[in-house]
Visitor: 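Before anything else, here's the structure in question.
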Amino acid sequence: MIFSFFSWYIQFIIKKDFTAFHFDNIEIKTDASMLILANHFSWWDGFFIFYLNKKVFKKRFHVLVNADNYNKVSFLKYLGAFAAEGKGKDVLDTLSYAGELLDDPNNLVLVFPQGKLYSNHLKSISFEKGVMQMINASKKKINIIFAATFIDYFAKRKPSAHTYLQNWETEEYVSLQLLKSAYNKHYDQSVIKQTQITE
């Protein structure tokens, strides 16, 4: 019941506060879970991917958030949010839990590799090492999806949001550097597409 309400509410506020929300259509393997790696610049980021999942992927939504947000925003736990409450072993246990979630093809796990909020005007996206620990804790049967979201107003009072998606075909050996490099290539291409939009 609580999930249904917030699911409706997220759709409602996106439609109310944005002129439009555009996203790419991509093909995914239906027998594998989804790990979405996304840039993190606003309060809206998790809600955009939640909405996108509801409309397109239709998997069980989970998002890794920081402990401050998890404790501050009480309804996040009803939307599949989870966090490491402490440091050290608690962080490792949380990453292992995320890896277990990725072993279920019905699950989608959203992660912001930067670990905290940064400007939407960054030239490149940094990656915390926990991303690889999470992947290595899974059986690696995953759709790894890159998401890059940007907001512009143009001539409207309300902004438009664009989420550019890419299904990254993983190599057998995945390193943090390889993942970061591939994501930033997608991010660069997304910036180019975004700057080509005119109204």
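Just so we're clear, the structure is a prediction, and the values are computed from it rather than from any experiment. All residue numbers in this chain count up from 1 along the given sequence.
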Visitor: What distance do Phe57 atom CZ and Thr30 atom OG1 have between them, rounded to the nearest 0.5 Å?
Guide: 13.0 Å
Visitor: Taking Tyr183 as the starting point, is it possible to reach Leu117 by hopping between hydrophobic residues whose side chains are less than 4.5 Å apart?
Guide: no
Visitor: Could you tell me if the side chain of Leu37 sits less than 4.5 Å from the side chain of Leu179, heavy atoms only?
Guide: yes
Visitor: Compare all side-chain heavy atoms of Lys59 with those of Asn107 and state whether any distance is below 4.5 angstrom.
Guide: no
Visitor: Starting at CD of Gln133, measure out to OG of Ser96 and round the result to the nearest 0.5 Å.
Guide: 8.5 Å
Visitor: Between Ile13 and Tyr9, is a side-chain contact (heavy atoms from CB on, under 4.5 Å) present by the stated rule, with each step listed?
Guide: CA-CA 6 Å; Ile13 59 173; Tyr9 181 66; 3.5 Å; yes
Visitor: Which pair of non-hydrogen atoms, one from Ala81 and one from Val65, has the smallest distance, and what is that distance?
Guide: CB-CG2, 4.2 Å
Visitor: Are Leu92 and Val131 joined in one hydrophobic group, where the rule is that I, L, V, M, F, W and Y side chains link up if heavy atoms are under 4.5 Å apart?
Guide: no
Visitor: Between the side chain of Asn39 and the main-chain N/O of Thr149, is any donor-acceptor distance below 3.5 Å?
Guide: yes
Visitor: Does the pair Ser190 and His186 meet the rule for a side-chain contact (heavy atoms from CB on, under 4.5 Å), with working shown?
Guide: CA-CA 6 Å; Ser190 301; His186 169 69; 3.5 Å; yes
Visitor: Side chains of Tyr153 and Thr19: closer than 4.5 Å at any heavy-atom pair?
Guide: no
Visitor: Give a yes or no on whether the backbone of Ser124 and the side-chain of Asn184 come within a donor-acceptor separation of less than 3.5 Å.
Guide: no
Visitor: In sequence, state the C-alpha distance, the side-chain angles, and the governing distance for Trp168 and Val174, and then conclude on side-chain contact (heavy atoms from CB on, under 4.5 Å).
Guide: CA-CA 11 Å; Trp168 186 53; Val174 182; 4.2 Å; yes
Visitor: Using 0.5 Å steps for rounding, measure from the CG atom of Leu108 to the OG atom of Ser33.
Guide: 8.5 Å
Visitor: Got Met34 and Asn53 here, is their nearest side-chain heavy-atom distance under 4.5 Å?
Guide: no
Visitor: Quick one: closest heavy-atom pair of Gly46 and Leu110, and the distance?
Guide: CA-CD2, 3.9 Å
Visitor: Quick test of your reading: applying salt bridge (Lys or Arg N to Asp or Glu O under 4.0 Å), list the pairs with at least one residue in residues 139-148, sequence neighbours left out, ordered by first then second residue.
Guide: Asp31-Lys141
Visitor: With rounding to the nearest 0.5 angstrom, report the CD1 to CH2 distance, Ile49 to Trp44.
Guide: 14.0 Å
Visitor: Would you call the rings of Phe47 and Trp43 parallel, tilted or perpendicular if under 30° counts as parallel and over 60° as perpendicular?
Guide: perpendicular
Visitor: Heavy atoms, side chains only, cut-off 4.5 Å: are Met134 and Leu35 in contact?
Guide: yes
Visitor: Begin from the C-alpha positions of Phe18 and Tyr51 and carry the test ring pair (Phe, Tyr, Trp, His ring centres under 6.0 Å) through to its verdict.
Guide: CA-CA 13 Å; Phe18 288 84; Tyr51 176 82; over 10 Å; no
Visitor: Within the 4.5 Å heavy-atom criterion, are Ile10 and Lys54 side-chain neighbours or not?
Guide: no
Visitor: Between Asp152 and Phe154, is there a donor-acceptor pair closer than 3.5 Å when you use the side chain of the first and the backbone of the second?
Guide: no
Visitor: Where do Ser138 and Ile135 come nearest, in terms of heavy atoms and distance?
Guide: OG-O, 2.7 Å
Visitor: Do Glu27 and Asn167 pair up side chain to side chain, a donor and an acceptor below 3.5 Å, judged on atom types alone?
Guide: no
Visitor: Do Ser42 and Asp45 have side-chain atoms, one donor and one acceptor, less than 3.5 Å apart?
Guide: yes
Visitor: Tell me if a side-chain donor or acceptor on Lys158 pairs with a main-chain N or O of Lys15 at a distance below 3.5 Å.
Guide: no
Visitor: Mind checking whether Tyr118 and Tyr164 sit in one hydrophobic cluster, side chains of I, L, V, M, F, W, Y counted as touching below 4.5 Å?
Guide: yes
Visitor: What about Phe3 and Phe50, are their ring centers closer than 6.0 Å?
Guide: yes
Visitor: Answer whether the closest heavy-atom distance between the side chains of Val56 and Phe23 falls below 4.5 Å.
Guide: yes
Visitor: Is there side-chain contact between Ile151 and Phe41, with heavy atoms separated by less than 4.5 Å?
Guide: yes
Visitor: Which heavy-atom pair separates His40 from Gln114 by the least distance, and what is that distance?
Guide: N-OE1, 2.8 Å
Visitor: Working to the nearest 0.5 Å, report the span between NE2 of His162 and NZ of Lys193.
Guide: 11.5 Å
Visitor: Indicate the atoms forming the closest heavy-atom contact of Leu79 with Phe61, along with that distance.
Guide: O-CD2, 3.1 Å
Visitor: Quick check: closest heavy atoms across Ala137 and Leu95, and the distance to 0.1 Å?
Guide: CB-O, 4.0 Å
Visitor: Taking ring-ring contact (aromatic ring centres under 6.0 Å, His included) as the definition, give me every residue that meets it alongside Tyr187, ordered by chain and number, with sequence neighbours left out.
Guide: Phe150
Visitor: Grouping I, L, V, M, F, W and Y whenever their side-chain heavy atoms are under 4.5 Å apart, do Ile192 and Phe146 come out in a common cluster?
Guide: no
Visitor: Any side-chain to backbone donor/acceptor pair from Ser181 onto Gln177? Under 3.5 Å, distance only.
Guide: no
